[in-house]
Protein chains: 2
Amino acid sequence: MIQISRSSYKPIYLQICDLIREKIDSGEISVGSRVWSENEIMENFNVSRNTARKAIETLVIDGIVSRVQGKGSFVSQPKVESGLQYLKSFSEEILVKGMKPTSRVLNFKREHPDFFHANNLKISVDDWVYKLERVRMADGDSIAYQTVFVPENLCPGLEKYDFAKDSLYDAIEKDYGHVLSWQKTTVIPIVADEKIAKVLGIPVEIPLLQTESVSYLAGGTPIESNVNIYLSERYEFTVLSNRHNPAERIEEE
Amino acid sequence: MIQISRSSYKPIYLQICDLIREKIDSGEISVGSRVWSENEIMENFNVSRNTARKAIETLVIDGIVSRVQGKGSFVSQPKVESGLQYLKSFSEEILVKGMKPTSRVLNFKREHPDFFHANNLKISVDDWVYKLERVRMADGDSIAYQTVFVPENLCPGLEKYDFAKDSLYDAIEKDYGHVLSWQKTTVIPIVADEKIAKVLGIPVEIPLLQTESVSYLAGGTPIESNVNIYLSERYEFTVLSNRHNPAERIEEE
DNA sequence: AAGTGGTCTAGACCACTTT
DNA sequence: AAGTGGTCTAGACCACTTT
């Protein structure tokens with residue numbers, strides 16, 4: 001019987017969950033193979049079925065394993081690499097890919113938003129926003145042209161930052177104390193016009209990915225509306241999605 | 001005591017969960033207000049604590065409510081659209097959007113895969129796959145051109161289906177008993193060449209979205225590799241992402 | 001027949017919040 | 001003190017898969 005602490009502040013199910021997680025992270029249990037069954041956990045640790053289930057359930061919720069009735073629970077493909085899975089800043093994404101992010105500021109000023117961004121930010125076109133236009137680079141190569149709008153009332157005094165080196169998300173989260181929660185992104189295919197071609201240093205007519213995003217704080221307030229244009233040869237967009245039991249979904253109606 | 005069916009094929013906890021969901025959707029319980037406590041559910045429906053908990057837990061997982069110890073469970077701010085990312089078939093997606101999905105089969109045969117799809121499916125170019133090419137329509141308008149490859153050994157006898165009306169995912173899940181788990185999709189911008197233009201009935205040079213996906217079973221076996229080309233004016237590609245608390249991740253180590 | 005996960009019961013003690 | 005959710009036990013019957 002493997003040891004767990006019954007007196008720990010850490011619940012038993014979490015201790016077991018973490019133990020299995022370690023085995024997966026270390027490679028002791030590989031992708032696709034079975035983890036302990038609920039019965040095995042009950043015997044190994046002398047715990048009840050509920051506790052055993054809860055340990056596995058936590059791994060399922062975290063996307064680490066999948067349960068299959070009658071068969072067991074199996075280690076899922078690790079979900080690390082994804083570009084759109086988690087709300088990340090450009091700098092964070094480039095750093096994760098092992099490259100060095102830099103920026104060139106084309107334009108940064110306080111102005112009134114157009115209808116599109118005012119609508120995204122749930123403010124009026126008479127309100128004030130900061131508009132920041134940047135070319136983003138990875139290891140010195142231009143790979144994206146970003147335009148972002150932030151409401152002035154949520155980040156007053158934003159003009160003091162130098163976004164050639166400062167991170168916008170760092171400022172929002174650490175300096176203004178906002179809690180970023182989620183983002184909705186729409187992906188649209190475009191071709192480079194003359195302006196974009198010049199900014200990114202590419203020929204016109206090249207197919208590009210344009211994203212339009214709105215980021216929200218935990219309370220639901222829009223904090224940022226942006227339009228980014230990516231050179232897709234240099235920036236891979238990937239999405240990981242999970243299957244939910246479609247029967248459940250249909251019955252809900 | 002409100003009525004639930006003890007003999008339904010639908011689990012009790014899901015019946016209760018859906019009942020609460022309806023109250024939230026209809027506005028009877030508004031954002032920020034408390035839903036039934038676990039004790040109340042136990043009394044209202046005469047169920048055990050576990051079943052009551054599981055009903056609330058399902059709502060928490062779906063992002064509908066948040067639990068707060070000592071206080072109760074409260075309705076969350078609705079997340080723009082349908083919450084997270086689900087692996088859906090084309091038909092399922094179109095149905096959700098309130099339109100009628102149809103298909104035109106261009107090509108369906110048993111053949112050897114090229115290197116790209118063989119690699120995606122983790123099989124050899126000497127193995128056999130079914131290749132299915134379809135134009136997918138919503139309310140009669142062509143909006144996507146899909147090419148999908150399925151290993152023959154995982155779905156032997158697939159040729160008996162008529163995929164002008166049958167759903168590939170239905171066949172995979174219900175008839176072959178496979179458990180679809182997750183999918184990885186890469187998004188690429190392209191422009192319509194003559195072949196695509198003809199198939200989709202659009203002018204050449206129009207910007208389009210191409211997706212390359214591989215779907216996996218719960219055990220990690222690739223079940224499907226596909227390339228889809230979408231008319232993006234008719235098909236909005238949106239992604240919702242959540243911000244991770246980087247601090248939490250660090251504590252786990 | 002034996003093993004797997006899915007659902008459910010009826011209890012218990014605990015930490016936290018409100019009354 | 002009473003109510004909330006968090007964790008845990010020890011049992012049960014079920015559907016599904018493998019032996």
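Letters go in sequence order (proteins before strands), and every chain restarts at 1. Everything numeric here is computed off the predicted structure, so don't read it as measured data.
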To the nearest angstrom, how far is B:Glu40 atom CD from D:dG3 atom P?
-> 10 Å
Would you mind classifying the nucleic acid contact of A:Ile12 as base, sugar-phosphate or nothing, using non-hydrogen atoms under 4.0 angstrom?
-> sugar-phosphate
Result block: side-chain N/O donor-acceptor pairs under 3.5 angstrom for residues 24-31 of chain B, not counting sequence neighbours:
from    : atom 1 : to      : atom 2 : distance (Å)
B:Ser26 : OG     : B:Glu22 : O      : 3.2
B:Ser26 : OG     : B:Lys23 : O      : 3.2
B:Ser26 : OG     : B:Glu28 : N      : 3.4
B:Glu28 : OE2    : B:Lys23 : NZ     : 3.0

Between A:Arg53 and D:dA10, does any side-chain N or O lie under 4.0 Å from OP1 or OP2?
-> no
Under 4.0 Å between a side-chain N or O of A:Thr51 and OP1 or OP2 of D:dT7?
-> no
Residues in side-chain contact (heavy atoms from CB on, under 4.5 Å) with B:Pro101, at least two apart?
-> B:Ser91, B:Ile94, B:Leu95
Grab the CD-P distance between A:Glu43 and D:dA10 for me, whole Å please.
-> 14 Å
Got a sec, which residues hit side chain to side chain donor-acceptor pair (under 3.5 Å) with B:Glu111, two or more places apart in sequence or on another chain?
-> none
A:Ser73 vs C:dT4: side-chain N/O to OP1/OP2 distance below 4.0 Å = no
What's the CE-P distance between B:Met42 and C:dC8, to the nearest Å?
-> 14 Å
Does OP1 or OP2 of C:dT4 have a side-chain N or O of A:Arg67 closer than 4.0 Å?
-> no
Counting just side-chain N and O atoms, does A:Ser37 come under 4.0 Å of either OP1 or OP2 of C:dT4?
-> yes
Tell me, please, which residues at least two apart from B:Asp170 pass salt bridge (Lys or Arg N to Asp or Glu O under 4.0 Å).
-> B:Lys174
Ignoring hydrogens and angles, tell me if any N or O in the side chain of B:His178 forms a donor-acceptor pair with the backbone of B:Leu154 under 3.5 Å.
-> yes
Using the criterion of both pairing distances under 3.5 Å for Watson-Crick and G-U wobble pairs, give all stems of 3 or more consecutive pairs involving DNA chain C.
-> C:1-18 with D:1-18
What integer distance in Å separates A:Phe74:CZ from C:dG3:P?
-> 16 Å
Whole-Å distance, A:Asn39 CG to C:dG6 C1', equals 13 Å
Select from B:Val35 and B:Gly177 the residue whose nearest nucleotide in DNA chain D is closer to the 5' end of that strand.
-> B:Val35
Partner residues of B:Gln146 under the side chain to side chain donor-acceptor pair (under 3.5 Å) criterion, sequence neighbours left out = B:Arg136
Under the ring pair (Phe, Tyr, Trp, His ring centres under 6.0 Å) test, which residues partner B:Tyr130, sequence neighbours left out?
-> none
Between P of C:dG6 and NZ of A:Lys54, the distance in whole Å | 15 Å
Taking atom types as modelled, is there a side-chain donor on B:Asn50 or B:Tyr13 under 3.5 Å from an acceptor on the other?
-> no
Integer-rounded Å distance: D:dC8 C1' and A:Phe45 CZ | 16 Å
Could you run through nucleotides 11-19 of chain C and give me one letter per nucleotide, 5' to 3': B if any protein heavy atom sits under 4.0 Å from the base, S if only the sugar-phosphate is that close, - if neither?
-> -B--BBSS-
Protein-nucleotide distance (B:Lys10, atom NZ; C:dG6, atom P), rounded to Å | 18 Å
List for me each residue that meets side chain to side chain donor-acceptor pair (under 3.5 Å) alongside B:Ser48, sequence neighbours excluded, and say none if there are none.
-> B:Thr51
Yes or no on salt bridge (Lys or Arg N to Asp or Glu O under 4.0 Å) for B:Arg34 and B:Glu40, after CA distance, side-chain angles and deciding distance?
-> CA-CA 12 Å; B:Arg34 219 203 67 190; B:Glu40 287 167 339; 2.7 Å; yes
